[in-house]
Trainee: 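This structure is in structure tokens; I'll ask about it shortly.
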Protein chains: 2
Amino acid sequence: MEFEIRNVGIDTGANVVLINGHDATVYGLAPGDRVEIYAEGSSRKSIAIVDVANLTKRNRIGLTSELSRELRLRNGAKVKLAKMEQPKSLAVIKERLRGRRLPYESLYSIVRDVVERRLSRDEITAFLVGLHAHSLTIEEAEYMSMAMVNTGEVLGLKKKRIFDKHSIGGTPGDKTTLLAVPIVAAAGLTIPKTSSRAITSAAGTADRAEAFMPVNLNVDEMRRVVNRINGCIVWGGAVHLAPADDIFIRAEYPLSIDPLLLPSIMSKKKAAGATDMVLDVPVGDKEKSPSDAELLIRDFMYLGRRMGINVHGAITRGDQPIGYAIGAGAEAREALSVIRNIKNVPDIIDKATGIAGMILELGGKRQGKKLAKSILRSGLAEKKMNEIISWQGGDPKIRPEEIPLGRHSATVLSDRNGTVLSMNNIALASATRILGAPLDKRAAIILHRKLGENVKKGEAVFTLYSESSGAIDDAEKHLRENSAMLIGSGNEMLIKRIVKVKTSHPHFALER
Amino acid sequence: MEFEIRNVGIDTGANVVLINGHDATVYGLAPGDRVEIYAEGSSRKSIAIVDVANLTKRNRIGLTSELSRELRLRNGAKVKLAKMEQPKSLAVIKERLRGRRLPYESLYSIVRDVVERRLSRDEITAFLVGLHAHSLTIEEAEYMSMAMVNTGEVLGLKKKRIFDKHSIGGTPGDKTTLLAVPIVAAAGLTIPKTSSRAITSAAGTADRAEAFMPVNLNVDEMRRVVNRINGCIVWGGAVHLAPADDIFIRAEYPLSIDPLLLPSIMSKKKAAGATDMVLDVPVGDKEKSPSDAELLIRDFMYLGRRMGINVHGAITRGDQPIGYAIGAGAEAREALSVIRNIKNVPDIIDKATGIAGMILELGGKRQGKKLAKSILRSGLAEKKMNEIISWQGGDPKIRPEEIPLGRHSATVLSDRNGTVLSMNNIALASATRILGAPLDKRAAIILHRKLGENVKKGEAVFTLYSESSGAIDDAEKHLRENSAMLIGSGNEMLIKRIVKVKTSHPHFALER
């Protein structure tokens, strides 16, 4: 089967080859079949899933963006197709759908086929639904984690102990990593931190860091930085540690399911070589309850023990944003101001030094939090952060106010006297997204009050920043309608009255 | 088959007849078989499940307490046994276990057999597990609710509209019903309130009310009271509205599952004839999140609409106890003090008048909360409460301080300066249970501080009351170990550090 190719520029999240219906009949191909594609004389081969589309001309095939990127051929180039057998992992997926628990070899075969693009999006979805319907056993969680490690790059630092941290759930405004990594690295411990970008939130740590330095390092660059200065803050997506995870997340998101939460996180840590980590689980308003958080931490501890990673857990307050800024640029400003001792933001400092302190204690230091605070106060953390910025390719002299915010801004005033009783993290995140986040790092919400503080009618509660003036009105409306900041007297007991039947959907967060 | 009976006084939660192994072989009976038991000449017949126990002598059978209560025969009395066929509902339960959704007739057959004791505890458990594994559809929830109504008594008031309220989840110290019922009844609306006793909490509303008046009214007595004075506060267990529920709850509790939450509540309301109700769902610390609460309220609204009950929902603060008193007696004191305008407890008053106000608005009144407050302030609510006490057989002149508290008491002092950052409702409830609740109504914890209030080192935070001085030490230890009141500075972010692997169990509350 020889065909002329067209790069059709459709982004499907999977390798798909579009073929004319007549050709499909002639060559015996059906939608969902797997084919190998290769250009004569080229060693580059790709695997793709067939889809029949009659908008494709005969003797011509269309390649989706993913496939175009892999094959790198111009329009009109000739390729050959060879039909492949169904991957064996498909049979294993069907067993898992019926609840059969799988050994390492079976899970590895699935993950390998996912990474090598042998499985279609539908098949990956079926696998994830199977895992969701019949939850992973602790053994399966370990096997999946190790399968994900063994199908990607590993960092391979030559260090006896490697430290890491992870926060679950994407609390708005959480700048902990931006402070904790330089503090820990300044104390001489190795902390090769990879972070994610926002999925459902306003900003991930990779987005925050990117507002003042490059974060798209590859694994060799990352290794060089960490070997030299003990720490880094890079985007996990670029380093290809446990790459199956990114494919799974794309399939999980539309279904609002998250069966691979533990393997997703632990595989990345293992691939970075972590021996010790602190897991931070924020609880509060819209988040988990402390008892759920504790169960989750204990699951991570068990899994960590099986994988040779010593896990300590921290349940932290997540009932309101951390600090005052939400949105990558504004958060980067706030974090830099704190690490440079320009600003004192007590909750950020308490959380970052608390988490850093737990890591320092894992590393054998005494009075970790006190030590973390003194590293911050003395300027050692700032010095380390400047090294990180510099080694990752940024300008260490950057001043917080040089990080841009949206051109348009508006301040929202309180319409009553009272105390801040609660904040709605989800509404704050989605309002920041209305303002342009996470793609536009200049989109921001600045809080002027925190929980328990008093406010008078007419005083400022939020300032919004965006490149779009229309978005500001929409975001303001969204904040009001979703009680982003509930102001009342301390004895008001009714939070919300519901008197009309209407459909409502639970919020789903996929932040790791 | 003729046997001599022994009332063996074992309480199994089901009708079980114990039979000697030899007799079982002779008569072809196996464990799990169903038999009819009757005394010759008596019209009283019971159904029981066979269990084989060789401690029973030949030609003699042992009756568990449930069966003894039904048959009311002296030891040595002669009875006949007749083996029964397996109930048809058993086949239906097996279908449900495999996920098949059931029509009304099938669910009714199960509920009827549950109430008539034709199903064993194991079979009921299997049914509940089936409902838990494959959640009820909204249709099934309606059918179960109506099946539970149609297998019990109904109140049958001759009123066009009947009002009700329900709080989910058992927040410690919640005296809302004790205030809202007299307020609503004083405004001329009919509110025949049945309440439950504590299952996992320190006190249910029936326990609180029983500290100052009888609550074990039967359905005829309840009808008479409501017809006369518009309202009552009685124990649901005595009135036999939807009695299947009590049997289901006994089977759910050891499994920590609660598939029948909605039918359990709505069947009782329907059996009381409710046309309108307010559902109160507290959220906070250890409870549901507001978004979960909203979904739950919407489920109740849909189900209510199908059952002819107009449901309005209120999401309320449940992040700390309501008021200052926990434990039936102490809570009764506090509620009486508020309704008699002796004490002003702002959160109790706000919640009770807020909920009562929503009921009043369902009944067509304007500015419900304002009206509720004026009914409370003017003494009309007190007058109505005195009528309720009197008609239910109590002494309306009872003074709050006449309700007894435990003989032993101790006051717990704060070991630091700070602000109350969080309360642990579950720890407060379990400490009160250590002090003797719910059986001993004198067991109590009095809070001296609420969320957000300042406290100095050495100032009182709790006072504990118990009949047992040893229990006081245990309860104090439990409060400290579980951070019942977390005191710190407002910017302390780490709630708990978890550094040792150990098994932990999630808390399960079965309060309706």
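Letters A, B, ... mirror the listed sequences (proteins, then strands); counts begin at 1.
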Trainee: Using a distance-only test with no angle check, is there a side-chain donor-acceptor pair under 3.5 angstrom linking Asp280(A) and Thr316(A)?
Mentor: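 On atom types as modelled, these side chains qualify, holding a pair under 3.5 Å.
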Trainee: Is it the backbone or the side chain of Leu494(B) that comes under 4.5 Å from a heavy atom of chain A, or both, or neither?
Mentor: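 For Leu494(B), the contact with chain A is made by backbone and side chain together.
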Trainee: Heavy-atom pairs under 4.5 Å with chain A: which of Met358(B), Lys369(B), Glu361(B) has the most?
Mentor: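 Of Met358(B), Lys369(B), Glu361(B), Met358(B) has the most heavy-atom pairs under 4.5 Å with chain A.
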Trainee: How many angstroms lie between CG in Leu479(A) and CG in Asn424(A), if you round to the nearest 0.5 Å?
Mentor: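 So the CG of Leu479(A) and the CG of Asn424(A) are separated by 9.0 Å.
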Trainee: Return the option, out of Ile348(B), Asp347(B), Ile297(B), with the maximum number of heavy-atom pairs under 4.5 Å with chain A.
Mentor: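 Heavy-atom pairs under 4.5 Å are most numerous for Asp347(B).
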Trainee: If you round to the nearest 0.5 Å, how far is CE of Met423(A) from OG of Ser483(A)?
Mentor: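 Result: 13.0 Å between the selected atoms.
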Trainee: Tell me, side chain or backbone of Ile322(B) under 4.5 Å from chain A's heavy atoms, or both, or neither?
Mentor: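 Contact with chain A is through the side chain of Ile322(B) alone.
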Trainee: For the residue pair Ser167(B) / Lys165(B), report whether a side-chain donor-acceptor contact shorter than 3.5 Å exists.
Mentor: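 Short answer, yes.
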